[in-house]
Amino acid sequence: MIDVLYFAWVRERIGLPRERVQTQAATVADLVAELSAREDRYAAAFADTASLRVALDQELADFSAPLAGVREVAFFPPMTGG
Amino acid sequence: MIDVLYFAWVRERIGLPRERVQTQAATVADLVAELSAREDRYAAAFADTASLRVALDQELADFSAPLAGVREVAFFPPMTGG
Amino acid sequence: MPVRVQADPFDLGAETAAFAGAAGGAGAVVTFTGLVRDLPGTPLSVMEIEHYPGMTERAITAMVAEATARWSLTAVLVIHRHGRLTPGEAIMMVATAAAHRAEAFAAAEFLMDYLKSRAPFWKKEVTGQAGAWVAAKDSDESALKRW
Amino acid sequence: MPVRVQADPFDLGAETAAFAGAAGGAGAVVTFTGLVRDLPGTPLSVMEIEHYPGMTERAITAMVAEATARWSLTAVLVIHRHGRLTPGEAIMMVATAAAHRAEAFAAAEFLMDYLKSRAPFWKKEVTGQAGAWVAAKDSDESALKRW
């Protein structure tokens, strides 16, 4: 089980801020493929991963990163702080 | 007649902040030579003009600048504002 | 605590004065403040700032540690708000103190460049009923390359 | 008036808050503050700042005009003190406001570089009975070359 968090328009498109997901996905990209296959709203949110960022346990990561040992995955658009 | 002003250690070495000078000096360098010839304290203050700055009518200038029409000449060390 | 992430407004004047007052051996203090723009003639819009609690503090703390390692700073402060802000309000501030101005300026610019693109905040401009997420700028991403 | 040369102390917090409050359309405000250093363990010394009344205001006003011509600034402020200052006191401040942070930072650094070497101020550190004029730094002169 893994906690998956969504922020900004990713959250709005998927329609929830977080959920617990049962997955055997080996990498972030595998998890994205699993989620996209669920429902259109996930497919829409993940349509262009080049415009998305991912954090694993609150550290920025790549979509090719392995999920082994990770408890929290977050998907969000490029950040606009400051 | 020209007003000559001195600041910081130039003022301290010469011993006064300003004076009126009767001069026919054509350039700043000529005026420096005239003043240096007066007394040791002037010669000491003007010994190294590379470490001095000059302003003519409150605008930075070179020692080669002409004095024609100038009413106020100021001599001082490199500035240390900010 | 040099990193504060909060919904409440902060007092820019009081924070700046307190920071400079506590800067001790510093000769140079630089502050940057980001404001919600208040343009006359444009419809009043509020700014909603979402963030990622936990990661935000962690990311900013790492940036502050990196800045402190790169430059000789005597003090650093980062305050960043989230939630609903109105035009003219301060979104965030960064303050740096150092013996020399070049270090204080460099560290403040470094922190701003990283906050813009690496701290998990997302801004939405809401005018009336409609809201639009602020898009990240390529220039902000490329600004990171200089460090 | 964006240029103030004065013997009296100024209130850094109040000036910063007022400047940001009046910055209007600006999204970015940068301030620089120069302080008399207050180092624990060193003998208390005061700083005496001499200036050239008339030329000082003229020189700083020209710098502000140059900065305003180079960058899109919505507001600029320069305050510089002269006379006798004690450790921890603010010597001067520069504030710049712009739509974007890069312009606010660049203008503030430009103004500081010019104030350091082209505004007619001279600092003297007085410890006990002895005073020493602060020497101009080559690094300050060469900092001007980047503009």
Side-chain angles (χ1 to χ4, degrees), chain C residues 10-42 47 74 87-102 104-106 108-113 115-116 123 134 137 139-140 142-143 146, chain D residues 10-42 47 74 87-102 104-106 108-113 115-116 123 134 137 139-140 142-143 146:
Chain C
F10 62 90
D11 183 330
L12 171 62
E15 295 292 348
T16 301
F19 184 82
V29 169
V30 169
T31 71
F32 177 92
T33 311
L35 303 166
V36 183
R37 280 189 219 164
D38 186 6
L39 294 168
T42 58
M47 181 169 276
T74 59
E89 279 197 285
I91 301 168
M92 49 77 63
M93 73 175 285
V94 158
T96 57
H100 304 291
R101 74 185 185 286
F105 271 118
E109 293 195 68
F110 170 89
L111 287 168
M112 283 310 305
D113 284 351
L115 280 166
K116 280 275 169 189
K123 294 192 184 111
V134 174
K137 284 187 280 187
S139 61
D140 284 334
S142 59
R146 58 176 164 159
Chain D
F10 62 92
D11 183 330
L12 171 63
E15 295 292 347
T16 301
F19 184 82
V29 169
V30 170
T31 72
F32 177 91
T33 310
L35 303 166
V36 183
R37 284 191 215 161
D38 187 7
L39 294 168
T42 58
M47 180 169 277
T74 60
E89 280 196 283
I91 300 168
M92 50 76 63
M93 74 175 285
V94 158
T96 56
H100 304 291
R101 73 186 186 286
F105 271 118
E109 291 195 71
F110 169 89
L111 287 169
M112 284 310 305
D113 284 352
L115 280 166
K116 280 275 171 189
K123 294 191 184 112
V134 174
K137 283 186 280 185
S139 60
D140 284 334
S142 58
R146 59 176 162 159

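By convention in this document, chain letters (A, B, ...) are assigned in the order of the sequence lines, proteins followed by strands, and residues within each chain are numbered from 1.
Using cut-offs of 30° and 60° for the angle between ring planes, the C:Phe105 and D:Phe32 rings count as parallel.
Between chain D and the residues C:Val36, C:Thr16, C:Val94, the largest count of heavy-atom pairs under 4.5 Å involves C:Thr16. Between chain C and the residues D:Ala28, D:Gly21, D:Ala97, D:Ala14, the most heavy-atom pairs under 4.5 angstrom are made by D:Ala28. Put simply, of D:Thr33, D:Ile91, D:Thr96, the one with the most heavy-atom pairs under 4.5 Å next to chain C is D:Thr33. Among the candidates C:Ala26, C:Ala20, C:Gly88, the residue making the largest number of heavy-atom pairs closer than 4.5 Å to chain D is C:Ala26. Heavy-atom pairs under 4.5 Å with chain D were tallied for C:Gly13, C:Ala17, C:Ala102, C:Gly27; the largest tally goes to C:Gly27.
When heavy atoms are compared at a cutoff of 4.5 Å, C:Ala108 approaches chain D by way of both its backbone and its side chain. Heavy atoms closer than 4.5 Å to chain D are found nowhere in C:Asp11, neither backbone nor side chain. Within the 4.5 angstrom heavy-atom criterion, atoms from both the backbone and the side chain of C:Ala99 approach chain D.
Judged as a side-chain contact (heavy atoms from CB on, under 4.5 Å), and not counting sequence neighbours, the contacts of C:Ala95 are C:Phe19, C:Thr31, C:Leu77, C:Met93.
The shortest side-chain heavy-atom distance between C:Val30 and D:Glu109 does not fall under the 4.5 Å cut-off.
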